[in-house]
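Lettering of chains follows the sequences in order, A, B, ..., and the numbering in each one begins at 1.
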2 protein chains.
Amino acid sequence: MQRQNGVALWRQIADRIRTSIADGNYDREGKVPPELTLASEFGVNRHTVRSALAALAEEGIVRAVQGRGTLIERKERINFPISRRTRFTQGIGDQAREKEGLLLASSQETPSPDIAGRLKLPAGSKVIRLETLRKADRRPVSRASSWFAANRFGGIAEAYAKTGSITAAFEAFGVKDYVRAVTEISAVHADAQDLADLGLSPGAIVLVTRALNCDMDGAPVQYSVTRFPADLVQFTIEN
Amino acid sequence: MQRQNGVALWRQIADRIRTSIADGNYDREGKVPPELTLASEFGVNRHTVRSALAALAEEGIVRAVQGRGTLIERKERINFPISRRTRFTQGIGDQAREKEGLLLASSQETPSPDIAGRLKLPAGSKVIRLETLRKADRRPVSRASSWFAANRFGGIAEAYAKTGSITAAFEAFGVKDYVRAVTEISAVHADAQDLADLGLSPGAIVLVTRALNCDMDGAPVQYSVTRFPADLVQFTIEN
DNA sequence: CTAGATTTGTTCGTATGTATT
DNA sequence: GAATACATACGAACAAATCTA
């Protein structure tokens, strides 16, 4: 365990305990080992372990009870399958009881060269941008920016706001079906926006997907950049 | 930019600049904006920005030159395609000149329930574990633990050590072809092992894949957990 | 039920790292 | 580079809640 490298010891330890919980290492007992045990395992003071556990308690992952120990409140990650037929709501399935899709903002704008290229738009085209937030069981699980060709999908913001579903909104525009063409996955540290929107703390990890959806004629209909809290989400690709 | 959250300001800023570089935001100039510009952008003191840039220089990402500015030395991420026919060496393709595969260690052991289940092994079976490190242009790009059924692949460690390729090693055991059945992707903070093996600094992000390969009869032949430095690697899924 | 062992909660003090001016 | 304020980390000791024999 290193010191003096810009990341506080207690946060490094919090990260390791969080991973251990997600990996199911403490499933037997349903609680984390005692503070003194963890302290000697990590070779640090008990105060440092306590700071780490306090951070995890803040995140709702554990709950400390005097005399009993530190109980695990929430452990598994939500799994998102990625396939040709990726659908957000279906993907979550029954991994969460309450599912919510919010439209944060929408606007019409001139696309960046990158986005125009991905959507194969002719020069001078406009796009509609949707900013959306998805929650599962009250917790934010994704924050997406999506772009659509304005001439084909004018008014999609209203359709999404009404239904809370991209699939339903597409149907209103005659797109009965669509498929995921490409997905890029990377991971970065949460930025200020992520901290606010996804309710994360600095140093948290965000999984970023850049995805292109096409209609059944192979024409791009949606390009989106979605950010997921990495401690809550993983992806599965089945071939 | 938040303080008091376990991650030093200079490291948060280093992370953001690193991401900006990887996203190509400074491609125009080939260098990072002046320290005073960055300082006012992030709302911090110039000393703090200097600490951040010093850390990035330590990682070999930038190089400060007095009078000229802070030049970008290395920027793009390596892209790994994930598909039914995922092959490591082919995947890198011509994104790197020098490619290297090292066998760090190998052993025969009793599998954990998780691993026995993934490989569909009968109770009491043994497995062979391979610890491998891959480099591209001298930099470590992945660190893998792989498990194989011992009764079918006894001696695969030697075959891998000789060829540096799983595909070649499989051929020696009569597995002419294999396919990727499932890939799980998640992201965590680098642990002590990652810091050492992948040459990362604390707080760095590691992309973790858990992959199952099957032979053409659909029988599992390899389960592996691979860790990639997130600032160097991204994944692409084409459907 | 009591007594002792376990485990978390709290309060001192001291030294070092971080960030600003 | 120096001075200052705050955050981080360690150590020792004791208090309070819970469990166990």
Worksheet item: For nucleotides 12-21 of chain D, read 5' to 3', which letter fits each nucleotide if B means a protein heavy atom sits under 4.0 Å from the base, S means only the sugar-phosphate is that close, and - means neither?
Response: BB--BBSS--
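Atom CZ of B:Arg50 and atom C1' of C:dT18 are 16 Å apart (whole Å). Between A:Arg11 atom CZ and C:dT18 atom C1' the separation is 16 Å, expressed in whole Å. As a whole-Å value, the separation of A:Leu71 CG from C:dT7 P is 13 Å. B:Leu9 has its CG atom 9 Å from the C1' atom of C:dT18, to the nearest Å. We find that CD of A:Glu29 is positioned 17 Å from P of C:dT6, with the value rounded to whole Å. One atom, CG of A:Leu38, and another, C1' of C:dT8, lie 12 Å apart when rounded to the nearest Å. Distance CD (A:Gln12) to P (D:dT8): 13 Å, rounded to an integer number of Å.
Scanning for ring-ring contact (aromatic ring centres under 6.0 Å, His included) contacts around A:Phe235 gives A:Phe228, with sequence neighbours left out. Every residue two or more places apart in sequence or in another chain that forms a salt bridge (Lys or Arg N to Asp or Glu O under 4.0 Å) with A:Arg87 is listed here: A:Asp177. When the salt bridge (Lys or Arg N to Asp or Glu O under 4.0 Å) test is applied to A:Arg139, no partner is found at least two apart in sequence or on another chain.
Among the nucleotides C:dA19, D:dC10, C:dG9, the one closest to any side-chain atom of A:Thr48 is D:dC10. Of the candidates C:dT20, D:dA9, C:dG9, the closest approach to any side-chain atom of A:Trp10 belongs to D:dA9.
When all heavy atoms are compared, the tightest approach of A:Arg180 to A:Thr86 is NH2-CG2, 3.5 Å.
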Would you list the atom pairs, donor with acceptor, under 3.5 Å between side chains in residues 193-200 of chain B and any protein atom, with sequence neighbours excluded?
from     : atom 1 : to       : atom 2 : distance (Å)
B:Gln193 : NE2    : B:Asp197 : OD2    : 3.1
B:Asp194 : OD1    : B:Arg227 : NE     : 2.8
B:Asp194 : OD2    : B:Asp191 : N      : 3.0
B:Asp194 : OD2    : B:Arg227 : NE     : 3.2
B:Asp194 : OD2    : B:Arg227 : NH2    : 2.8
B:Asp197 : OD2    : B:Arg143 : NE     : 2.5
B:Asp197 : OD2    : B:Arg143 : NH2    : 3.4

Enumerate, atom names and distances included, each donor-acceptor pair closer than 3.5 Å involving a side-chain atom of residues 43-50 of chain A, sequence neighbours excluded.
from    : atom 1 : to      : atom 2 : distance (Å)
A:Asn45 : OD1    : A:His47 : N      : 2.9
A:Arg46 : NH1    : A:Glu35 : OE1    : 2.5
A:Arg50 : NH1    : A:Glu35 : OE2    : 2.9

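Nucleic acid contact class of A:Thr70 (heavy atoms, under 4.0 Å, all strands): sugar-phosphate only.
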